[in-house]
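Worksheet: the structure to be examined is printed underneath.
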There are 4 protein chains.
Amino acid sequence: MNKRKPKYNQIIEAAVEVIAENGYHASQVSKIAKKAGVADGTIYLYFKNKEDILVSVFEEKMGQFIEKTEMTIEQKENANEKLLALIEMHFQQLASNPLLAVVTQLELRQSNPALRIKINQVLKPYLIVIDGIIKEGMQDGTFRKDLNLRLVRQMIFGTLDETVTNWVMKDRKYNLMEQASDVHQLLTNGLKVSK
Amino acid sequence: MNKRKPKYNQIIEAAVEVIAENGYHASQVSKIAKKAGVADGTIYLYFKNKEDILVSVFEEKMGQFIEKTEMTIEQKENANEKLLALIEMHFQQLASNPLLAVVTQLELRQSNPALRIKINQVLKPYLIVIDGIIKEGMQDGTFRKDLNLRLVRQMIFGTLDETVTNWVMKDRKYNLMEQASDVHQLLTNGLKVSK
Amino acid sequence: MNKRKPKYNQIIEAAVEVIAENGYHASQVSKIAKKAGVADGTIYLYFKNKEDILVSVFEEKMGQFIEKTEMTIEQKENANEKLLALIEMHFQQLASNPLLAVVTQLELRQSNPALRIKINQVLKPYLIVIDGIIKEGMQDGTFRKDLNLRLVRQMIFGTLDETVTNWVMKDRKYNLMEQASDVHQLLTNGLKVSK
Amino acid sequence: MNKRKPKYNQIIEAAVEVIAENGYHASQVSKIAKKAGVADGTIYLYFKNKEDILVSVFEEKMGQFIEKTEMTIEQKENANEKLLALIEMHFQQLASNPLLAVVTQLELRQSNPALRIKINQVLKPYLIVIDGIIKEGMQDGTFRKDLNLRLVRQMIFGTLDETVTNWVMKDRKYNLMEQASDVHQLLTNGLKVSK
DNA sequence: CATGAATGAGGCTTCATTCAT
DNA sequence: CATGAATGAAGCCTCATTCAT
């Protein structure tokens, strides 16, 4: 599948818009085709089936998402700053693309387990980025050495994800970016009064 | 609707099993009726429609879930112990009811926005329980006084939810209960080395 | 079937009201039972099935309708006056019972062919009354002797029926009774200028 | 909706046959599709829903019915001959298309009020044709000048309709066409002996 | 006689996918 | 490559009727 063909991208962009506007279940292939300006059948020249469109949407968008995050993090000097940068990038990229936020936080979660598994595979590189920060922090003495990698990763991702989902469900009425530093604080210092 | 009617509970229990076994979208009303040992039409004497079954499943199960959590927490003396108890109860209740865990963590998330909103309303009391612990901790000096209530709630719930979902998706291959104390540690002390 | 039992009549009257209010297809047996103040099952002690209720409604009401018409006509001296009386009675009885008019002119016509045949059997005595008037008129020289009995009966009944149906469909906005004399005129003198 | 598409007409013709054969309520969309030789879903490319098929059947058939009637009437020189032509056309068209007669006289009357209203709108042009004849007859002195237009229209239509319905219900055992001249006689001269 | 909880058959419609052009 | 007309499988819900009490 030649992903450089313009129609491929037209369809991807149309899919994001259609899903964000109409919701997952009301996003018929014919609607995506119409918005993309192609015939229904043309979709099947570029995608195996409807699920493939959705996975591809997530792949394309998350690919850029992760890439940008990695580039930004590379420039930071220590794990703590990298973690803050990750949080900021996470919030900033979804805040600046509300349609995509709706799709990733709400609509794509309505998919069936088979699709969910594929989506998780796409997410894996992102989790590896998180893991890298944690490991680096444990090595350079920023974070505690006895951290359970999986649990920390789940705490970080779970917190970011829940925060963004809440923001989307509250119709994005408040500024997500402003939460970044507080979330970073919480994750690094925890709830307790420091002694 | 008299919820003490045996058929009502038969249908609720059957629904949990059918959804866990077949997945949300393959859970036809007729399948639930068959498993419950009643006629299809009988379902509609106790539930308004299919969605009402699903909401009721969540209401019944989460109602018990929250009630047990509240009862356990009451007996604890301070916010820190209450938080640990909440985490333990959260993990324990889902670990001891794998079918329900599949339903709440995976299947019910595939539902449409209307159902999602109702599910969120059912969850609200649980979030209030979490809020209560945080507030108590801030008052009695266990937790920092400058915590952002919403963010902390999102961190706690997001972490627990993500942890359970991962456990379910990994086919429950490891012991969820054993994670409770580490998760509590992480949430209260954060990632950083304490000084 | 003891038709003197009060419940029998309660159900008949309830059926007329329910059909007139809700229409034929929305007239569930349970609705009729509720309005009659009896249990659903009780209906089946007095009627064989739902169709039997409807036929009985028509039988009871048309029985009275025809009886009153016959009594009034008997007192008239010639065929012409009898025809006028028939028209007046037809219009008057339906005009004074709007619920019944809705049921007979609109709702009962939605029934299936089997029921339609039974309804036609109930109507037969009325057609015989009409036939009697025509025959009498032909014998006593009021009406032409070469009239085709069936056609005349169809003209008379068709005209009355269509007139009442139009009146019901126009929401009974005009006075039906006032039309009686004109209709009688039309039927007896026809359209042409008399020579 | 391009009504010249062959499938559109296939479906219309199939619907007439299926309704006439099976009756209104037993006329499932799938039966019509099968008889038309198309897939169930194809129906919905040409019709909005099942009701739309029925309305369209009536529109198409009554459209032709009225058109032919108008064309025949135009060639007649006076109101009296036009009325006779109308009656003949009414009988002839239904007599030559027994399936359609069953559909229009019996089956379509079982429809719900919403559909009945649409059917009445389709009939309106026919009533206007009748009105035209009456008005012309009153102007040219063929008919009495004091006729009540609505009542006359109801007498004519009611008589024709009742006559055809009776003929259909009697299983078309006699010749409908032969009645035309007698019906015309009746309508124009009435019942009374002319003086 | 009376109840009313339980039954279960039956159909319209949507929409992902195909394939002849 | 591109089209878009055609396909056909699949499920929620209603409501007349029964029968154990």
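Bear in mind the structure is a predicted one, so any value in this text is a computation, not a measurement. We name chains A, B, ... by the order of the sequence lines, and we start the count at 1 in each one.
For the pair A:Ile43 CD1 and F:dT3 P, the interatomic distance rounds to 10 Å; values are reported in whole Å. Whole-Å rounding puts the A:Tyr24 OH to E:dC15 C1' distance at 13 Å. As rounded to whole Å, 15 Å separates atom P of E:dA2 from atom OH of C:Tyr8. In this structure, the CD1 atom of C:Ile32 is 14 Å from the C1' atom of F:dT17, given to the nearest Å. D:Lys31 places its NZ atom 11 Å from the P atom of E:dG10, with the value rounded to the nearest Å. Here the P atom of nucleotide F:dC1 and the CD1 atom of A:Ile11 are 12 Å apart, to the nearest Å. In this entry the distance linking NZ of D:Lys34 with P of F:dT7 reads 14 Å, nearest Å. Look at CZ on D:Phe47: it is 13 Å from P on E:dT13, rounded to the nearest Å.
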| note | For nucleotides 10-16 of chain F, 5' to 3', base contacts (B), sugar-phosphate-only contacts (S) and non-contacts (-) with protein non-hydrogen atoms under 4.0 Å give -SSBBSS

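In this entry F:dT7 has E:dA16 as its Watson-Crick or G-U wobble partner, both defining distances falling under 3.5 Å. With a cut-off of 3.5 Å on both Watson-Crick or G-U wobble distances, the partner of E:dT21 is given as F:dA2.
Put simply, the side chain of A:Gln105 does not reach to within 4.5 Å of the side chain of A:Met169, judged on heavy atoms.
Applying the side-chain contact (heavy atoms from CB on, under 4.5 Å) test between B:Leu94 and each of B:Val168, B:Thr104, B:Val102 identifies B:Thr104 as the sole match.
Atom CD of B:Glu67 has 12 or fewer neighbouring heavy atoms from other residues, nucleotides or ligands inside a 6.0 Å radius.
Closest non-hydrogen pair, C:Val103 versus C:Ala20, comes out as CG2-N, 3.8 Å. Across all their heavy atoms, D:Asp52 and D:Phe47 have their closest contact at OD2-CA, 3.4 Å. For D:Tyr24 against D:Glu107, the heavy-atom pair with the smallest separation is N-OE1, 2.8 Å.
The phosphate of E:dA5 has neither OP1 nor OP2 within less than 4.0 Å of any side-chain N or O from B:Lys7. Proximity of C:Tyr46 to the phosphate of E:dA2: a side-chain N or O atom is located under 4.0 Å from OP1 or OP2.
A salt bridge between D:Glu21 and D:Lys31 is absent, with no side-chain N of the basic residue lying under 4.0 Å from a carboxylate O of the acidic one.
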